[in-house]
**Q** 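Take a look at the following structure, please.
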Amino acid sequence: MSATEPTPELLPQTPSQTVGPFFHYALTEEPIDRLDPDGQAGQAIVVHGTVRDGAGDLVCDAMIEVWQADGGGRYRHPADGRSADVPSSFIGFGRVATAKETGQFAVATVMPGTVPGRDGTVQAPHLNVQIFARGLLSHLHTRIYFEGAAANDADPVLAGIPPERRHTLLARPDGEQDGLPRYRFDVVLQGEDETVFFDA
C-alpha cells in the first residue's frame, strides 16, 4: 500500500459461532469404535459413558474423539520414534457419537501403557479426548485416566489438578462387556462436578 492510498476501514469482529446442530450427522455416520480390531496392541477394554450438560440432561448428539498410546505406551504417530513397534492392527484413534436414545457412547480399545513425559517424568495410562457438542464455541479437550492405576500418583498432569477435582478424570471399573473389562467415564460439560478441560 502506498502512502497516498486511504487506510481501509477495519471491520468489527463478529461473534464466535457455537458448534451447530448439523456436525453430528455429517461426521459420525461411520463410527470408529474399535481401535484395535485384531487385538494385538494390549489388554482389550471397553470405555463407555455419557455426556451431560449444565442442567444434568443427556447430550444425545455429542461426538467423542479419542487418541491414545498402545499397551506399550507408544503412539501411532511419526513424532513418536517408537511408532514402528506399534502393532499394525492398532489405529490409536476413535470417533463415536452419543446415542440419540440413551446418550451413551462406547469404544473398544486397549489399556494404554505409561507414556514418557517431559523432563524424565512418566505419564499414567490415559486417553486423550475431544468433545464436540452443540452450544460449544469450540471442541473441548480432556483426558481419561483409570482409577487405581499405580502411575496416577506420579502423573504430572494429574498432579497439577486440585485433588477435589481429579475424580472427574478417572474412569472406574464397571463390570464387563462382551467378555472385556469395562470402564465408565461420564463427561459433565458444566456445573457441579464439571469435567476438567484443558487448553489445546
Side-chain angles (χ1 to χ4, degrees), residues 13-33 35 45-69 75-77 79 91-109 111-112 115 117-118 123-147 149 152 155-172 174 182-200:
Q13 288 185 318
T14 57
S16 298
Q17 297 294 308
T18 62
V19 174
F22 303 112
F23 75 95
H24 177 269
Y25 306 104
L27 297 178
T28 57
E29 186 174 351
E30 297 292 337
I32 305 169
D33 57 359
L35 279 65
I45 62 173
V46 173
V47 176
H48 78 119
T50 60
V51 179
R52 293 185 180 274
D53 64 16
D57 295 331
L58 291 169
V59 180
C60 296
D61 60 354
M63 186 178 73
I64 310 294
E65 288 185 348
V66 298
W67 180 57
Q68 66 165 98
Y75 285 99
R76 176 170 292 288
H77 192 278
I91 59 176
F93 169 80
R95 175 184 288 160
V96 296
T98 52
K100 292 179 182 177
E101 298 80 14
T102 65
Q104 294 272 336
F105 70 89
V107 293
T109 183
M111 176 62 76
V115 177
R118 295 180 179 171
Q123 300 182 64
H126 67 276
L127 277 63
N128 300 292
V129 181
Q130 295 186 74
I131 300 113
F132 300 77
R134 70 172 70 187
L136 298 178
L137 293 174
S138 183
H139 51 279
L140 301 171
H141 299 263
T142 189
R143 285 184 168 190
I144 299 175
Y145 290 91
F146 295 89
E147 186 178 73
N152 285 350
D155 185 274
V157 175
L158 278 176
I161 297 171
E164 67 274 15
R165 299 203 62 205
R166 289 178 193 161
H167 70 279
T168 70
L169 299 183
L170 296 178
R172 293 171 175 77
D174 186 35
R182 184 172 67 176
Y183 293 84
R184 182 174 185 110
F185 182 81
D186 294 321
V187 177
V188 179
L189 297 177
Q190 192 178 36
E192 187 176 356
D193 272 345
E194 177 182 314
T195 301
V196 171
F197 300 110
F198 303 100
D199 293 334

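Keep in mind that what you see is a predicted model, and the values were worked out from it rather than measured.
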**Q** Going by the side chain to side chain donor-acceptor pair (under 3.5 Å) test, which pairs reach into residues 184-200, not counting sequence neighbours?
**A** Thr50-Asp186, His167-Asp193, Arg184-Asp186
**Q** What are the two closest heavy atoms between Cys60 and Ala99, and how far apart are they?
**A** CB-O, 3.5 Å
**Q** Is there a side-chain contact between Val66 and Phe105 in this structure, where contact means two heavy atoms from C-beta onward sitting under 4.5 Å apart?
**A**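 The answer is no; the side chains never approach within 4.5 Å.
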**Q** Report the C-alpha separation of Leu189 and Ile131 in whole Å, then their side-chain angles, then the decisive distance to 0.1 Å, and conclude whether the side-chain contact (heavy atoms from CB on, under 4.5 Å) test is met.
**A** CA-CA 9 Å; Leu189 297 177; Ile131 300 113; 4.3 Å; yes
**Q** If you look at every heavy atom in Pro112 and Pro125, which pair is closest and at what distance?
**A** O-CB, 3.1 Å
**Q** Dump the intermediate steps for side-chain contact (heavy atoms from CB on, under 4.5 Å) on Ile64 and Phe185, then the final yes or no.
**A** CA-CA 12 Å; Ile64 310 294; Phe185 182 81; over 6 Å; no
**Q** Hey, is the main chain of Val196 close enough, under 3.5 Å, to the side chain of Thr142 for a donor-acceptor pair?
**A** yes
**Q** Using side-chain heavy atoms (C-beta onward) and a distance below 4.5 Å, is Tyr183 in contact with Met111?
**A** yes
**Q** If you measure from CZ on Arg95 to CD on Glu30, what distance do you get to the nearest 0.5 Å?
**A**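 Between atom CZ of Arg95 and atom CD of Glu30 there are 12.0 Å.
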**Q** Rounded to the nearest 0.5 Å, how far does CD of Gln123 lie from CZ of Arg118?
**A** 9.0 Å
**Q** Quick check: closest heavy atoms across Val115 and Ala69, and the distance to 0.1 Å?
**A** CG2-CB, 3.9 Å
**Q** Is any side-chain heavy atom of Ile91 closer than 4.5 Å to a side-chain heavy atom of Ile32?
**A** yes
**Q** Can you list the steps and then say if Asp57 with Val59 is a side-chain contact (heavy atoms from CB on, under 4.5 Å)?
**A** CA-CA 6 Å; Asp57 295 331; Val59 180; over 6 Å; no
**Q** In chain order, what residues pass the side chain to side chain donor-acceptor pair (under 3.5 Å) check against Arg165, with sequence neighbours excluded?
**A** none
**Q** CG/Leu35 to CZ/Arg76 distance, rounded to the nearest 0.5 angstrom?
**A** 11.0 Å
**Q** Return the set of residues passing side-chain contact (heavy atoms from CB on, under 4.5 Å) with Ala159 (not counting sequence neighbours), or none when no residue passes.
**A**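 Once residues adjacent in sequence are excluded, Ala159 has no partner under the side-chain contact (heavy atoms from CB on, under 4.5 Å) criterion.
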**Q** Give, for atom CZ of Phe146 and atom CG of Leu170, the distance between the pair rounded to the nearest 0.5 Å.
**A** 10.0 Å
**Q** Holding to side-chain contact (heavy atoms from CB on, under 4.5 Å), I want the full list of residues that pass it with Ala149, two or more places apart in sequence or in another chain.
**A**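 Here the qualifying residues are Asn152.
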**Q** Suppose we call two aromatic rings close when their centres sit under 6.0 Å apart. Are His139 and Phe132 close by that rule?
**A**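 Between His139 and Phe132, the centre distance is under 6.0 Å.
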**Q** Would you name the heavy atoms of Phe198 and Ile161 that are closest together and state the gap between them?
**A**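 Shortest heavy-atom contact: CZ-CD1, 3.9 Å.
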**Q** Partners of Arg182 by salt bridge (charged side-chain N to carboxylate O under 4.0 Å, His left out), sequence neighbours excluded?
**A**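 With neighbours one apart ignored, the set is Asp174.
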**Q** What's the separation between atom CD in Gln68 and atom CZ in Phe93, rounded to the nearest 0.5 Å?
**A** 12.0 Å
**Q** Can you name the residues that form a side chain to side chain donor-acceptor pair (under 3.5 Å) with Tyr145, not counting sequence neighbours?
**A** Arg143, Asp155
